[in-house]
Structures are given as structure tokens and as C-alpha cells.
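Working notes, structure below.
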Amino acid sequence: MSSPPGPDGAPAPAHLAGREKRRPQPATDSALRTSQCIQLKSVDLNRVIKLLEDSNSNNEEDGQLETLKKVVKQYETGLPLKDLAQIFKILNLCAEKIQDQEAFIEPTCEILKLCGLPFLKKKLSDEVNYTPVTLELIAQLGYLMRVPSSQVRIQICKCIISFYHTEPPNKQLAGFHSTSANYKIQMAELGGLAETLVLSLALVENQLAEKLWVLKALQHLSTSGVNCKLMMKAHAASRICSHLNDADPSGQLLFRSSEILWNLLENMSKEEIVNQLSNLECIYALKEVFVNLLMHGFRHYDRQLRNDLLVIATLIAENPGAPMIESGFTKQLILLATFNEVKSHNPLVRGLKLTYSYEDFELKKLLFNMVAVLAKDLCAVQLLNEGKVVLALFHYVKPNEKPGVRDWSAAQYEELQLHAIATLASVAPLLVDDYMTCQGNTRLLMFLEWCVGQDPFFGQGNCFHGAGGRGNKLAQMRYSLRVLRPVVSLCDEAVNLDLCDQGAINQLLDILKHIANKSKEKEDAIVLEIQTDILLILSTLCENDLHRKELFGCGGVDILMPFMKMDPNKLYSGLGHNRLLFSTLDSLWCCVMGCYITEDYFLRKEGIFLLLDLLALKQKNICNLILGILIEFCDNSKTASHINTWRGKKDQTAASLLIHLWKQEDLELGVKHDQHGRIVDAKKPLVGSFQEQQGVIPMSANCPSTAIMEVSENMRAKIYSVLCKLGFENLPGLSAKDFVTLAVIRRYLDFKVGEVWSEICAELKEEMFRPVTPDEEALKVISEASENVGKMVATLQTEMLESQQHQELQEEKKVYSKIQAIHKQREMVNKSWEDFLTRTSNYEALKKAKRLQEKSIEASRSKSRRQNATLHSTKIKGLNTTIASGRLVTVESTPSELTGGPLADTDLALRKLSVRGGALKKIKGVEVLDPLKKDPVSVK
């Protein structure tokens, strides 16, 4: 903020600059110890009061004045808290006598000076004990402003100001100590002094000196939020602002008034203050002062104060009810915002020229901000048109190629450029004709081309709008797209056609590629916002236009694919990945679907798999959009096979995923089902708990009922539509409970129709309206039919569950049969092993087994023999084994070292003897080479 001028109009010294918020420093203990202590001479204050009350003759006036001097002398070091009530009684009596006897002005002022000194206390508890008395007495200071004396009023203000600049006296009464530094300030807040002082402004309206002192006191009081609240009760903002343009050669009135307004804005609700300022009287005064400072102010202080007033005017302009247009202030501000860029013959700006100082730079930014605020008021659009605001703002939509010596610096120009483009984003959609007249599309596309070009440019990125643009052109690209996006979203065919004719679609796709290549390593909020805006612009341009979708083409699909493969964890990063994903899905819907070439390419690139992967995340905010896209894609005959082929986690199919989403929706809606998912209420199989509690509300015929509104509020209708496209038969990967839910989904449309008819019947009943007999019978038949459908589905669900249960029992039996067979096989193996042990341990048993084997072999041979047939014996002499022997036998048996070679007497040529264990050890197996099969057969 600016510093106040001195009394002669010159700037105040540097040590007085600022808002004068200094706080007094409490006296230290050492200072108190070194101060001199005096004894209090007893003066009977009650006698003084009685003397002032009873005395009426002029002869006694001198005596009264002399007595008052003694009182002042007695308390020159400060007023004890215990004597405050009597002192203020004396003060009030003196104030009453001033009107008739001016001689009492001086003692009244002297007593007021004493009130400015710190109060004195004997005990620490005195501050608390005397609080009610002190509150009342300090509040009396405000009421004393009614005294018709300039000296008294000024002294009252000085006394109040001294609360904030208290210095301990050099002398102090014996046994007394000063109260705390903030004691008087707290008492002034609790006593409501600020409100009284604001009301006293009406008494000093025509006395400049007194008014300045009152404003100075209010300036100090307004540093507290409690005092600001009290001041607002007295309408301080409007009282002070309406007198901003009062004559004051020193300039202090304007300075102190603006400081008070700023303190009110900082400590109170802006809406409340702006409401007080939103009247013609205040706006006229603000307008006159602002223009006067703009035209005639030449000091640094004048320019700062001018900018501060413009900020207050901007806050007022944000209030739709403020008469800014009626006062003519809006028109002047628009003229001042554009006169440098658009030549004007208005006398107000004919001789006006802004310098390149920092204050004028701030003024330019504030004027741009004011234009953005005014653009929110549709009543100001005509004035913006007349002021050629769009043309003035487009002046900055170009690179700063040749800055002159007497010109804005590179950093200042960049800041003004970004601020102007940001303002253009608010103004351009309101003034489309001006936008087209200025060839806005061409300028923006050329500027975007410069943004991705290789021209050397080093953005400073120091300003608010330049965030993320240091050393690059991202900030310029970001705000240029912010202008383009709202203009395109108006869906004005002339604007969009002009944009597409200039190759905007291909240029925007190239920008996306350029940004994607540069931001692979690091993604920030600025880059994500740029990508999001480009995708939204492309969605608007390509929607419902086949030719533009073809221009988007396969290259556009390739750009969308990486966005759809986004890491799901990034959706909650807060940088804008969620908005980017939404804009990607919107671009997919608007730019790809409807064009067979791009649709087929999307399918070939496995785009449906990516959509289903996103759907499997089960994020409710994107599931609805994805389901809508899938419904549209299912019009393509190739889509169904892709959907059925997809597999998610744990081999989940698309049909299973859709049914799971349906169950999740039912759970959130509170639809009644039993533990197996079957229908409980056949009359209302789709109605949730909230819908049932809400009941039926009679509405007019053109208002959708609850049953109709419910269709758009959840995903069930879209899930039904997708499954209809896929077909309800031969869906892979479904469990029995999935089929139970699928039975409800299949009848969704029938249930919804029945629900609507049920609502119609309930509305008729609620309105006590009886339909004619044929209609009543028809309603009854429809209700019964709907209920029968519900019962039929419930029966079907029961049959499904019973069938599943029966199937599970059969599978269980199969499992038990398999277990039984395994046990039987084990028993046979054990018995075979026992027989084997018997044969190997008992030679007689072995011979018996051999005879039985030979007998069985002989019985199995054919009885009829060919004539002249030669018979070859298959027996090996001397071999007593019960296994089929071949030319090569590998036997694991007792080592020959222990048995002497049991096979030594046979004619079998032993090729290999594997020794393991003793003669009675378990033999693992014998490998026989079958001469027919030529494969080894293991025999136990």
C-alpha cells in the first residue's frame, strides 16, 4: 500500500509509510524500577463532582477551573482504575458545561489527555475487577464526540490513538503499576467504541480537520476484526467511500479512507462490504477519485493509491447488483483497458499515456482483470463490443519479436501477453462476431504453430499465468487452447468450419504428438491440461461429422491408445490424469465411432480390450461412459467376438464382469434379493430401498417419474443393452449365480415397463382418481402379467439353482467313485504284492502259480490247428517264473554273492544283474521288453 502524504501535501517520511500498524512495547521491569515514584495527595473527587453539579453562578467558575487543574495535576502520571468512575463523571459534567462556558474546554482536554495514559492498578486482579466500569467509561469517549468543540473532538481522537502508541510516564504513583499494553485496546473492542466513532462521522462531515482525526482513529481501530465487525454495523464502508472525493488539499482523507476500506476487506466478509459499497453514491465517488488520480497523479504514492482503488472497484464489479454500468464507470474502465491498443478520440484518453513503470504495469494487469470480471455480466457485453476489447486483446496473441528500448521488458510483455490471452478466453465466447472479424481462428492457429516451433524463446514463468512455462512456450500454448476450447464448444458451425478448413484437426494432432514425445519422462499438470483441452476440442469438431472423423483417422487412434493404457494409480494423483482419461473416452466416442475405417482400425489395435480393462477397474465415474461406448461399438458386427474373447484377472470374461457390475448396482440401490440372488418381491424386482421409501409423488404428464429417472441414474440399462447386443445365450465363464442374475437382466425391460405401470396405478390411487371400468380391468391385467413375469423368473432361478445343486451332487458322486476305485486299486496292488512275496518266499507256491499260469495260457489258445503247422515252444527250460519272459530280462534280486546265483542253472543268458537288498527284500520291478511292442513294460 502507499504511504500517506504529509500535512502540506508532500509525501510522508519513509518511517511513516505503511498502514501504521505499530504496536506499543510494554514497559520493562528495569524501566519501572528506575522511574520516580510520587505520593498521591488526597483530593476529594466527590467534593469536586458536587461542586460542578451545584454551582450555577459565574463567580464560582474560577474556583471550579482551579479545582479541575488540581485534579489534573494530581493524576498527571495516570488514572487509577479505582477512580475511573469519578473521573469520567467529572469529564461528563465538564462536557455539559462547554456549550455555555467555553472555559471548560481546556480542563476537558487535559482530562482526556490523562485518559490517554496507561491506567494504574494496585493488584493484578484490578484489571478483571474493574472491567465493567472501564468498558462503560471507554465507551463514553465515543459519546463525547457530540460535544460541539473541535478541540475536544480532536483530543478524543488523540486519546484513542494513544491506546496503540502508549508510552509509560517517567513518574508513577507509589504502590501502583501500569495496566497491560493491550488492556485499553481490549476494552475499546468490548465497549463498542468503533461503532460510535463511525456514527460520529456525521457530526464532523463539514469540519475537515476533525474528520481527518476521526479517520485516523478509525484507521487504528480497523486493524482489529472485532472493531471491523462493529464498524460494519454502522455502515462504515458506505459512509467512508461516499466521501472519498471530498475536498482535502493534504490528501490524507483519501489515504486514510482507503486504508480503512482495505482493513475492512481483510478482516471481514468481502460480500458484506461489497454489498455496502454497491450503490451509486459510492461508485460515483470511487470513479471520480480514480479518474482524478489517473489523469493528474504524478507521484509514486498517487499511482499506488490509484491501483488500490481499482482493486476495490474490481471487487465491486464482481457483485451483479452493483450499478457499475449505470454510473458510467464500466464504460470508462473498458476505454482505459484498450486505449493503448485501439486508437480512440475520447477526451478522457486523448492526452493520457502510460509509462513503463511498475505501477503502470500493475495498472495494465488490473484493467485486464477488470475486463474479465465485467465479461461475467451479460449487460456489459454490448459495451465490450463497442470498446473493441477483442481486437485489443488479440494485439498480444503474437510473439514479442522486436522489443524497443522504450517498451515493456521481455518478462513484463510475457506476463501481459498471458494475462491478455486469459482474458480473451472469457470475452471471445461472448463476442463471436468480433472474434471472426479479427480472424481469431487464424491468429490462434498461427500462434500455436509458433508455440511448437523451434524458434529460440526462453519463457520467464514468473507470473501467475506463467506457471510451468519457464524456458518453454507451454504457458502460451495452454492459454491459447483455453481461448479455442470455449469458442469451439459453442458449436457455431461457421466458426468450426473455418477452423477445420484451416487444417486445425491435423495441427492439433501434431501438437499432441509433439507434447507426448517431450513429456515421456515427466508429466505435470500443465501438460495434462493441454492434452485434455486438445482432445475436447477435437471431440467437438468431429462429433456428427463423418468427413472430420476421417481426417482424425488412424493417426488419431494411435494417439488415443497410450492414454487408454494409463496407469490406474495415476487417476488419483491430483495432476489431472482423470480429466485426461475422460477427454480420451469422449474423443473415442466422438472422433472414432461412426466411421467404419477408424472403428475397424481401433478393433485391430485391440482397443476393445483396453476399454474392458478400464471397465474392470470398476470406477463408477468412468464405467457409465465406457458402457455407453461399448453399446455404440456393438453396432459393428466385429465387436462381439472381441468382447467375448477378452479375459481379465483370474480369467474373468466380459459377461461375468457385466453381471458383477449389475450386482454391485443392485447392492448400492438396495434391491431385495435372497442369499442366492433370487427375486424376493415379484411385483417390484428392480425397485431399490431409497426408491421404495420415497414412494410415489404425483407429477404432471410432462415430468418424468422416479422409475424413468432411475434409468439414467445407474448403469443397469446400459448393462442390459450391452448384453442384448452380445446375446444371452452361450455366454462364456458364468457361474450358476451369474445365470441367476442373468435371468433378471434378460427381463429388465419387461420389469421396467411393469414398474412404470405400477407407478401409474399408485398415482391414480394417490390422487383418488378411479379410471373407467375397461381401463381399470386393463391395468389389472397388466399388473398381473408383470407379476407373473416376476414369478416366472423366480421359478426359473430356483430351477437353475436346483439344477446346479444336482450337478454338484453328481460331481460329488463321481469324485467319491474315483476315490473308491483308487482304494480298490490299492487293495489289488497290496494283494498282488502279497502274492508276489508268497511266490518268492515259498518255492512250492511259485511252482503252483506257474502251473496255474501255464494252464491258463493253454486254455486261452485256439483248439483248432492248421495242418502241417509247426509249433514252437515258448518255454525256457529250468525257468520257474510267473512273468512273461522275453529275450532280455532285468531283475533286481538278491546278490549272487549271497545266494550263489539262483539263475545259474538256466539257459537264459544273463546280460545284467542289478543287486539291491537281501533275498527277502521287496523287488521294485522287472522291466520286460515285449518282442511284439518293442517297448519296456514295468511289472511288479
Which side-chain N or O atoms in residues 366-383 pair as donor and acceptor under 3.5 Å with protein atoms at least two apart or in another chain?
from : atom 1 : to   : atom 2 : distance (Å)
D377 : OD1    : C379 : N      : 3.1
Q382 : NE2    : E386 : OE2    : 3.4

E362 with K365: basic N within carboxylate O range, under 4.0 Å
yes

Determine yes or no for a side-chain-to-main-chain donor-acceptor pair under 3.5 angstrom, with S587 supplying the side chain and L535 the backbone.
yes

Residues D498 and Q502: side-chain donor-acceptor under 3.5 angstrom:
yes

Would a line drawn from the ring center of F602 to the ring center of F633 be shorter than 6.0 Å?
yes

Check whether any side-chain heavy atom of S583 sits under 4.5 Å from a side-chain heavy atom of L536, and report yes or no.
yes

Would you tell me whether N636 and Y596 have side-chain atoms, one donor and one acceptor, within less than 3.5 Å of each other?
no

Steps toward side-chain contact (heavy atoms from CB on, under 4.5 Å) verdict (L393, V389):
CA-CA 6 Å; L393 295 175; V389 172; 3.8 Å; yes

Other residues, nucleotides and ligands only: do more than 12 of their heavy atoms fall within 6.0 Å of NZ on K620?
yes

Counting neighbours of CD on E326 that are heavy atoms of other residues, nucleotides or ligands and sit closer than 6.0 Å, is the number greater than 12?
yes

Short side-chain donor-acceptor distance under 3.5 Å, D586 and S539:
yes

Stepwise side-chain hydrogen bond (donor to acceptor under 3.5 Å, both in side chains) check, S278 with N319
CA-CA 8 Å; S278 298; N319 182 14; 2.8 Å; yes

Tell me, with the steps shown, if R299 and D302 meet salt bridge (charged side-chain N to carboxylate O under 4.0 Å, His left out).
CA-CA 5 Å; R299 297 173 297 182; D302 293 332; 3.1 Å; yes

State plainly whether the residues D558 and K513 are in salt-bridge range, i.e. N to O under 4.0 Å.
no

Could you pull out all residues at least two apart from F447 that satisfy ring pair (Phe, Tyr, Trp, His ring centres under 6.0 Å)?
W450

Hey, could you give me the CZ/CD distance between R303 and E359, rounded to the nearest 0.5 Å?
6.5 Å

Between H419 and E415, do the side chains contain an N or O donor and an N or O acceptor separated by less than 3.5 Å?
no

Return yes if a side-chain donor-acceptor contact under 3.5 Å exists between T540 and S489, otherwise no.
no

Between the side chain of Q476 and the main-chain N/O of C451, is any donor-acceptor distance below 3.5 Å?
no

What verdict does the salt bridge (charged side-chain N to carboxylate O under 4.0 Å, His left out) test give for R306 and D360, after you've listed the backbone C-alpha separation in whole Å, the side-chain angles of each residue and the deciding distance to 0.1 Å?
CA-CA 10 Å; R306 171 200 66 191; D360 285 349; 2.9 Å; yes

Counting only heavy atoms not in L497, do more than 12 sit closer than 6.0 Å to its CG atom?
yes

Note: G556 and L509 closest approach over all heavy atoms is CA-CD2, 4.1 Å

Hey, what do you get for CG (L254) to CG (L305), rounding to the nearest 0.5 Å?
4.5 Å

CG of L352 to CG of L354, rounded to nearest 0.5 Å, is 5.5 Å

Kindly check if the number of other-residue, nucleotide or ligand heavy atoms within 6.0 Å of CE (M564) is above 12?
yes

Before accepting this row, confirm whether a basic side-chain N of the pair E529/R482 lies closer than 4.0 Å to the acidic partner's carboxylate O.
yes

Do L424 and Y479 make a side-chain contact, defined as non-hydrogen atoms from C-beta onward lying under 4.5 Å apart?
no

For R443, I'd like to know if atom CZ has over 12 heavy atoms of other residues, nucleotides or ligands within 6.0 Å.
yes

Electrostatic pair K364-E341, nearest N-O below 4.0 angstrom:
yes

Report yes or no: do Y284 and N245 form a side-chain donor-acceptor pair below 3.5 Å?
no

Under a 3.5 Å cutoff, is there a donor and acceptor pairing between the side chains of N496 and D545?
no

